[in-house]
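Just below is one structure, and these are the notes that go with it.
Numbers restart at 1 for each chain; the letters A, B, ... are given by sequence-line order, proteins then strands. Only heavy atoms go into these numbers, but all of them, side chains included; no hydrogens, no water, no symmetry mates. Note that the coordinates shown come from a computational prediction; the quantities given were computed from them, not determined experimentally.
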Amino acid sequence: MTPFETILNGIESASAHENAVIGAIAMLGWGERILENWNGARGEKPTKSKREGFRLLALHRQGAKGDPSFNACRETCRELVYHHNLILDEPTHVASLERLRMAKMVAKHLCLFVQGKIEEDRLGDFCCSSRPVRTHTRKEDR
Amino acid sequence: MSDKNLKRVAYYPGCALEGTGHAYDRSTRALGKKLGLELVDVKDWNCCGAMEVKNIDPKIQTYLSSRVMSIASEDMGFDTVMAPCNGCYHNLKKAEYDLENDPENVAVTERLSKKAGHDAYKPGSIETIHALDWIKRSIGEDGIKERVKNSLKGIKVANYYGCMYTRPRHIFPEKDQGPGSESTLKPHFMDDLLQAAGAEIVDYPLKTACCGGAHTLSDSDTSTKLVTNLLEAADECGADVIATECPTCHSGLEMHQIRAETRFGKKTNSKIVYFTQLLGLALGLSARKVGIHENVSDSLKYFKEKGVA
């Protein structure tokens, strides 16, 4: 599992990159690290496959299987892909760096959301339910 | 999208609109009156089951929501119930779906309805709509444009829909149906209506992201971090105002905006306002009529400067 602090620092660094394309690719990579953490916490090997051309979306689908509440971050994942595509499609666009900053906010939200879902194991259901992860963690503890 | 008459609909305000979301109730009623739309309160309504009941037993939530729909349709004779709260709207739609597709839910609802002494809700008897559907379908952008007295020109708005308005997609079969219908990926009804009122809509990338509402009390720091990110993103987009359409999101944004500053030293600038308040101001209602003074987020001075209050 990649520590969330490392991921958040990585997101900040990616957003500060002077080349928006490199920053956007890195940002998508940090998004994948976030969902790898979620799937890992569920006791699953994070998928290497892609969906609609993106591993991030395949990881999200994997994470939502058996836990529909994880769809709460579906649009956030797709928004991250969208911003990545915007930047890569128009690398010299005048708004590229601004788009990268927006991608940062989206990636950061994904990170905070997943971090919250994983860490709230003794406080009750986070948003819709993080029960499956907690159940797994408890079995591990035993 | 149905073209039925929405001039007179059953109104299910739900618990939040009697408490922290009172300004939403006030502005919704005032806006309806201004637009010539009649809201008839559902008699003896109960909690929709929200998150608390649903987390313990989803079938009880289905029953609770079905009772509201049963009263509105069977007892009051309405074919449409309008729920402005995202939680209520979501739960009524979910109950409709459950009762159409799950025999176990039907059995529990029939048993509990009998015990409670009322007819069990018959799926398909009533359509649940959100306040956004209500205005969009009954008045529309053109109708708003015709009625604007104080244009929202110069007011930059980030529209925040929250997570329950479009999710899960399967309980909203009317969405994603092409032009004119709402999108679950990038909802736009609020954008359309406020733009018609003259507002400048910014491209906000976190329209449907989680506000951490459910954990406001049990783990405030997590909620504060999520909300701070939403607020910072709105600032980054150049928004002056975040328009909301959910009382839980709204109060979360307001409270955690203050908490972010006092606890984490993070100050953000967006005013947080219900979309019904913004539309009401644009249509010439006073700030008091739409409950601007009831918001925690202080926006009165800002609206006065902009000439709409």
Tell me, yes or no, whether the heavy-atom count around [X] atom [atom1], taken from other residues, nucleotides or ligands under 6.0 Å, exceeds 12.
{"X": "Glu98(A)", "atom1": "CD", "answer": "no"}
{"X": "Arg259(B)", "atom1": "CZ", "answer": "yes"}
{"X": "Lys175(B)", "atom1": "NZ", "answer": "yes"}

With rounding to the nearest 0.5 Å, note down the distance linking [atom1] in [X] to [atom2] in [Y].
{"X": "Thr208(B)", "Y": "Arg78(A)", "atom1": "OG1", "atom2": "CZ", "value": "11.5 Å"}
{"X": "Lys108(A)", "Y": "Asn229(B)", "atom1": "NZ", "atom2": "CG", "value": "5.0 Å"}
{"X": "Cys237(B)", "Y": "Arg101(A)", "atom1": "SG", "atom2": "CZ", "value": "10.0 Å"}
{"X": "Thr222(B)", "Y": "Leu112(A)", "atom1": "OG1", "atom2": "CG", "value": "8.5 Å"}
{"X": "Met105(A)", "Y": "Asp235(B)", "atom1": "CE", "atom2": "CG", "value": "8.5 Å"}

| If you count heavy-atom pairs under 4.5 Å with chain B, which of Asn71(A), Leu80(A), Thr76(A), Leu110(A) comes out on top? | Asn71(A)

| With only heavy atoms counted, which part of Pro205(B) is less than 4.5 Å from chain A, the side chain, the backbone, both or neither? | both

| task | Let me know if Lys186(B) has heavy atoms under 4.5 Å from chain A in its side chain, its backbone, both or neither. | result |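 Contact with chain A is through the side chain of Lys186(B) alone.
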
| Which pair of heavy atoms, one from Met102(A) and one from Ala233(B), lies closest together, and at what distance? |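 The answer is CE-O, 4.1 Å.
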
| field | Part of Glu75(A) lying under 4.5 Å from any heavy atom of chain B | value | both

| said: Is any side-chain heavy atom of Leu206(B) closer than 4.5 Å to one of Glu79(A)? | reply: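 Heavy-atom side-chain distance check fails, nothing below 4.5 Å.
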
